[in-house]
Amino acid sequence: MKVSNKHSLTISDYVSLEQETGVKYEFHDGEVFALAGGSLNHGLLCGNVYSELRNGLKTASSNCKPLTSEIKLHVETQNSFLYPDCMVVCDKLAPSRKDKNAVVNPILVVEVLSKSTADYDRGDKFYQYRQIPSLQEYVLIEQDKAVVEVYFKKPKSDLWKISRYEGLSSRVQLQSIGIEISIEELYFDVEGVL
């Protein structure tokens, strides 16, 4: 839901709006959009991906940490704040200079697709994420079928390699953080998956 006209809010106004209302909004260069609640399967997938990332990073004794969709991401060059479904930050969390509750340095971002957001997640949102210097991997997870797409680029490169993983027996390779995740575990308890 759109809340304002273009360029009507400053970042300070936006931060205050979230604090006062307790509602999460995406911010795009002055415009804010309230985030709608997700489906049951969306929530299960978000929880499962966070759990699998956390367990994989812990097992690998990694210095990286997964973050839930409660943490927002500031894309400084785009004057945007977004709420990825999950992201991973390595080394230290770098907070935004404009909002101490947002980070600016994920190495990996995950979005769970829905019919209403799939085009946005693959298009404009991915464009925004690509403006983040630290980002190396972008993961898209389908809700209604066991399919995961992974976009990966090496540091200091602009070339994104796309990998597609299908079926519950597949394992997703996450090169940026050096772990792999079972698709069967990602879809644990998710109903209606083909």
Side-chain angles (χ1 to χ4, degrees), residues 1-47 49-50 53 64-144 149-153 158 160 162 176:
M1 176 176 101
K2 185 176 172 181
V3 175
S4 68
N5 293 323
K6 190 163 177 79
H7 301 294
S8 63
L9 290 182
T10 65
I11 290 175
S12 180
D13 293 336
Y14 160 69
V15 172
S16 294
L17 176 68
E18 283 197 326
Q19 289 172 344
E20 291 168 11
T21 64
V23 175
K24 295 192 302 190
Y25 295 92
E26 282 194 352
F27 177 89
H28 297 282
D29 199 22
E31 286 186 282
V32 292
F33 299 86
L35 297 181
S39 67
L40 183 59
N41 280 351
H42 186 277
L44 288 167
L45 281 162
C46 289
V49 73
Y50 172 81
L53 286 169
C64 300
K65 45 199 120 334
L67 305 172
T68 68
S69 61
E70 290 302 307
I71 307 298
K72 65 184 151 186
L73 171 61
H74 183 194
V75 185
E76 294 174 306
T77 61
Q78 299 297 298
N79 198 28
S80 293
F81 287 87
L82 307 167
Y83 282 92
D85 289 324
C86 195
M87 57 184 157
V88 175
V89 173
C90 296
D91 300 316
K92 293 180 84 171
L93 294 171
S96 165
R97 291 173 289 150
K98 304 282 185 174
D99 183 350
K100 65 180 178 172
N101 293 313
V103 298
V104 298
N105 63 326
I107 193 170
L108 179 146
V109 168
V110 179
E111 292 289 357
V112 175
L113 301 175
S114 66
K115 286 180 174 56
S116 62
T117 65
D119 289 342
Y120 172 56
D121 289 338
R122 284 192 167 98
D124 290 344
K125 200 168 197 182
F126 186 29
Y127 172 79
Q128 299 252 349
Y129 289 148
R130 290 195 313 263
Q131 309 315 304
I132 301 166
S134 60
L135 188 71
Q136 293 179 26
E137 208 151 20
Y138 184 48
V139 180
L140 298 173
I141 301 172
E142 297 277 352
Q143 274 191 66
D144 54 356
E149 292 176 10
V150 178
Y151 297 77
F152 172 77
K153 76 174 183 80
D158 289 329
W160 290 85
I162 304 168
S176 65

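What you see below is based on every heavy atom in this structure, not just the backbone, and it leaves out hydrogens, waters and symmetry mates. One is the number of the first residue; the rest follow in order along the sequence.
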Stepwise side chain to side chain contact (heavy atoms under 4.5 Å, CB included) test for Lys115 and Asp144: CA-CA 10 Å; Lys115 286 180 174 56; Asp144 54 356; 3.7 Å; yes
Audit row: Lys24, Glu70, salt bridge (Lys or Arg N to Asp or Glu O under 4.0 Å) steps and yes/no: CA-CA 9 Å; Lys24 295 192 302 190; Glu70 290 302 307; 3.5 Å; yes
Intermediate values then yes/no, disulfide bond (SG atoms under 2.5 Å apart), Cys64 and Cys90: CA-CA 4 Å; Cys64 300; Cys90 296; 1.9 Å; yes
Trace of the side chain to side chain contact (heavy atoms under 4.5 Å, CB included) decision for Tyr151 with Arg130: CA-CA 10 Å; Tyr151 297 77; Arg130 290 195 313 263; over 6 Å; no
Side chain to side chain contact (heavy atoms under 4.5 Å, CB included) assessment of Val89 paired with Ile71: CA-CA 11 Å; Val89 173; Ile71 307 298; over 6 Å; no
Intermediate values then yes/no, side chain to side chain contact (heavy atoms under 4.5 Å, CB included), Tyr129 and Glu111: CA-CA 11 Å; Tyr129 289 148; Glu111 292 289 357; 2.5 Å; yes
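Between the side chain of Glu18 and the main chain of Tyr14, no donor-acceptor pair closer than 3.5 Å is present. Under the 3.5 Å distance criterion, the side-chain polar atoms of Gln78 are left unmatched by any main-chain donor or acceptor of His28. A donor-acceptor pair under 3.5 Å is absent between the side-chain atoms of Thr117 and the main chain of Leu113, judged by distance alone.
A donor-acceptor contact closer than 3.5 angstrom links the side chains of Asp13 and Thr10. Side-chain contact, Ser80 with Gln128: a donor N or O sits under 3.5 Å from an acceptor N or O. For the residue pair Glu137 / Ser176, a side-chain donor-acceptor distance below 3.5 Å is found, with atom types taken as modelled.
Nearest heavy atom pair, residue Tyr127 against residue Gln131, reads O-NE2, 2.8 Å. Taking each heavy atom of Ser134 and Pro106 in turn, the nearest pair found is OG-O, 2.6 Å. Val103 and Leu73 make their closest contact through O-CD1, 3.3 Å (heavy atoms, listed as atom of the first residue, atom of the second, distance). Summarising the geometry of Pro84 relative to Val109, their closest heavy-atom pair is CB-CG1, 3.7 Å, with the distance given to 0.1 Å. Across all non-hydrogen atoms, the minimal contact from Val110 to Leu108 is CG2-CD2, 3.4 Å. The shortest non-hydrogen separation linking Lys98 to Val15 is O-CG2, 4.1 Å.
The structure places CG of Leu9 at 11.0 Å from CG of Asp29, a figure rounded to the nearest 0.5 Å. To the nearest 0.5 Å, the span separating CG on Leu35 from OH on Tyr83 amounts to 7.0 Å. Between Lys65 atom NZ and Asp91 atom CG the span is 7.0 Å, to the nearest 0.5 Å. In this structure, Gln143 CD and Leu40 CG are separated by 9.5 Å, a value rounded to the nearest 0.5 Å.
At least one side-chain heavy atom of Leu140 sits under 4.5 Å from a side-chain heavy atom of Arg122. Contact annotation: the side chain of Asn79 approaches that of Phe27 to within less than 4.5 Å [non-hydrogen atoms, C-beta and beyond]. Between Val49 and Asp85 there is no side-chain heavy-atom pair separated by less than 4.5 Å.
By the neighbour-count criterion of 12 heavy atoms within 6.0 Å, atom CG of Asp119 is sparsely surrounded, having that number or fewer from other residues, nucleotides or ligands. When the shell of 6.0 Å around OH of Tyr120 is examined, it contains more than 12 heavy atoms from other residues, nucleotides or ligands.
Trp160 pairs with exactly one of Tyr138, Phe152, Phe126 by the ring-ring contact (aromatic ring centres under 6.0 Å, His included) rule, that one being Phe126. Partner Phe81 forms a side-chain contact (heavy atoms from CB on, under 4.5 Å) with one of Val32, Ile11, Asn101, Val75 and no other, that one being Ile11. Between Lys72 and the options Leu67, Leu82, Asp99, a side-chain contact (heavy atoms from CB on, under 4.5 Å) holds for only Asp99.
Ion pairing between Glu76 and Arg97 holds under the 4.0 Å rule for side-chain N and carboxylate O.
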